[in-house]
Amino acid sequence: MTYVFSQLCWWLLAALIIGLATGWFTFARDAKEWKLGWLKLGLLAFVIGGIVAVLKLLPNKPGFWLEAALFTFASFIIGCFLGSWIRGLLCPAASVVAPLLDTTGYPGAKPLGIAMPQGGADDLKLIRGVGPKNEKILNDLGVYRFCQIGQWSEANAAWVGHHIAFPGRIEREQWIQQGKLLCAGIETDYAKAVRNGSIVIDDKADTALSDAEIADVKQHLPQFAASVADEDKHQGFRPLGLAAARNGQPDDLKLIKGIGPQNEGLLHGLGIWHFDQIASWTAEHASWVGSYLAFPGRIEREEWVDQAKILAKGGSTEFAERVKAGEVPTSVLDGTQGQDNILKPVENP
């Protein structure tokens, strides 16, 4: 054995370095993303070769080259695990799973996955067409959030459709549109029925929808709001808007401190009609809307999102009660007074 090491030390070092690089670049936080087929075969061959070497079934030079191959393979595998472990230590905040080479031959592009979110995964079964089986398949791909599905491209939908052995299903059943709505905090009629228990989710929920069911999905999905001028010139991301209020009944956004008739009208123009839409805004959404309203940072300072979260759950705030009681003056349309103005702290007398 010492003789083998002395003769192959540089080869073993090279194998270790190659293994380190392989482990680094194929690192994945979710162990399910490792493609272990080749490794299992390699380990099986390693065990068989080890038995042959220990029993000295191959004499002289053949035995030497067998031992050399075994040590080289062992160095490579050690390097792989070391490379993955080191990257895990150096990149603890990385949440995106490095995409591996797709050897399945599916058309399209595999969507990027993420590690299991710390706060838990979204209930993907709220998407009509996704049952326990499809949810597990999506989770195995690193898909845990509605927003991930809502951001899929046509190529991603094609890849996943082939992966679940039903090409075109995702497009027909409007998974992406449903994901966009749920990501924006807008529950579909189907999602509400699942939450309140009127629809029980079982294995049948994974069954492909019939033409009549697909027509029903399309009929009950709200239309998205149209784009606005210079939409891409504002910092952040525009939140998803609806072409009209759900059931034709918008919430009274003026119950949020900082929103008067003028700002409410501007928000309606963006397709923002309901408290739950504002409640789901991210920091990027608030930044974009603040820029669009020409008051950057205002939404964060006035805590529109926090107020909306309370109102969306059926609660109330001190300001909302004052509005309902008629104690808040109605602002004029030009925004020169009233609550469309930026709220300023009251100075001590």
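Position 1 is the first residue of the sequence, and the numbers go up from there.
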Set out, in order, the CA-CA distance, both residues' side-chain angles and the distance that settles side-chain contact (heavy atoms from CB on, under 4.5 Å) for Lys233 and Ser291, then state yes or no. CA-CA 9 Å; Lys233 292 186 178 180; Ser291 175; over 6 Å; no

Determine, stepwise, if the pair Lys192 / Glu187 fulfils salt bridge (Lys or Arg N to Asp or Glu O under 4.0 Å). CA-CA 6 Å; Lys192 289 180 180 178; Glu187 285 199 331; 5.7 Å; no

Check the pair Lys204, Asp202 against salt bridge (Lys or Arg N to Asp or Glu O under 4.0 Å), reporting the backbone distance first and the verdict last. CA-CA 5 Å; Lys204 294 180 181 178; Asp202 54 23; 5.3 Å; no

Apply side-chain contact (heavy atoms from CB on, under 4.5 Å) to Val217 and Tyr190, showing your working. CA-CA 8 Å; Val217 170; Tyr190 178 81; over 6 Å; no

Apply salt bridge (Lys or Arg N to Asp or Glu O under 4.0 Å) to Asp276 and Arg246, showing your working. CA-CA 12 Å; Asp276 57 7; Arg246 297 195 297 270; 2.7 Å; yes

Give the intermediate values and the outcome of side-chain contact (heavy atoms from CB on, under 4.5 Å) for residues Trp288 and Leu270. CA-CA 11 Å; Trp288 189 95; Leu270 293 174; 3.8 Å; yes

Evaluate Arg128 against Asp216 for salt bridge (Lys or Arg N to Asp or Glu O under 4.0 Å), listing each step before the verdict. CA-CA 11 Å; Arg128 192 168 183 182; Asp216 183 67; 2.9 Å; yes

Given Phe224 and Leu181, is the side-chain contact (heavy atoms from CB on, under 4.5 Å) satisfied, shown in steps? CA-CA 9 Å; Phe224 301 149; Leu181 291 165; 3.5 Å; yes

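Note: His268 and Trp273 have parallel aromatic rings, judged against thresholds of 30 and 60 degrees for the angle between ring planes.
Other residues, nucleotides and ligands contribute only 12 or fewer heavy atoms inside 6.0 Å of the NZ atom of Lys133. Within a 6.0 Å radius of CD in Glu154, no more than 12 heavy atoms belonging to other residues, nucleotides or ligands are found. Counting heavy-atom neighbours within 6.0 Å of Glu231 CD, excluding the residue itself, gives a total above 12. Within a 6.0 Å sphere centred on CD of Gln235, other residues, nucleotides and ligands contribute 12 heavy atoms or fewer. Within 6.0 Å of the CG atom in Asp211, the count of heavy atoms belonging to other residues, nucleotides or ligands does not exceed 12.
A distance-only check finds no donor-acceptor pair linking the side chain of Asn247 to the backbone of Gln249 [under 3.5 Å]. Here the side chain of Gln178 pairs no donor or acceptor atom with the backbone of Ile127 at under 3.5 angstrom. Using a distance-only test at 3.5 Å, with no hydrogens or angles considered, a donor-acceptor pair links the side chain of Glu213 to the main chain of Ser210. Distance alone, capped at 3.5 Å, is enough to place a donor-acceptor pair between the Asp206 side chain and the Gly131 backbone. Listed for the Glu173 side chain is no donor-acceptor partner under 3.5 Å among the backbone atoms of Ile170. At distances below 3.5 Å, at least one donor-acceptor pair connects side-chain atoms of Asn156 with backbone N or O atoms of Ser153. The backbone N or O of Lys257 lies less than 3.5 Å from a partner atom in the side chain of Gln307, making a donor-acceptor pair. For the pair Gln151 (side chain) and Gln148 (backbone), a donor-acceptor distance under 3.5 Å is absent.
Within the 4.5 Å cutoff, the side chain of Pro111 has heavy atoms near those of the Trp159 side chain. Side-chain atoms of Ile272 and Trp281, non-hydrogen and from C-beta on, do get closer than 4.5 Å to each other. For the pair Val289 and Leu267, the minimum side-chain heavy-atom distance is below 4.5 Å. Considering only heavy atoms from C-beta on, Lys110 comes within 4.5 Å of Leu141 through its side chain. Looking only at side-chain heavy atoms (C-beta outward), Asn263 and Phe295 stay at 4.5 Å or farther from each other. A 4.5 Å side-chain heavy-atom check between Pro132 and Lys125 finds at least one atom pair inside the cut-off. The closest side-chain heavy-atom distance from Asn134 to Ile137 is below 4.5 Å. Annotation: side chain of Leu311 is not in contact with side chain of Ile278 (no heavy-atom distance under 4.5 Å).
Note that NE2 of His162 and CZ of Arg169 are 14.5 Å apart. Values are rounded to the nearest 0.5 Å.
The ring of Phe237 has its center no closer than 6.0 angstrom to the ring center of His285.
Figure legend: Arg322 and Phe319 shown without cation-pi pairing, the cationic atom not lying both under 6.0 angstrom from the six-membered ring centre and within 45 degrees of its axis.
Using a 4.5 Å cut-off between side-chain heavy atoms of Ile, Leu, Val, Met, Phe, Trp and Tyr, with links allowed through other members, Trp175 and Ile186 fall into different hydrophobic clusters. Under the 4.5 Å side-chain contact rule for hydrophobic residues, Leu221 and Ile176 do not share a cluster. Residues Val130 and Leu209 do not share a hydrophobic cluster, defined by chaining ILVMFWY side chains whose heavy atoms lie under 4.5 Å apart.
Across all their heavy atoms, Ala294 and Pro296 have their closest contact at C-CD, 3.6 Å.
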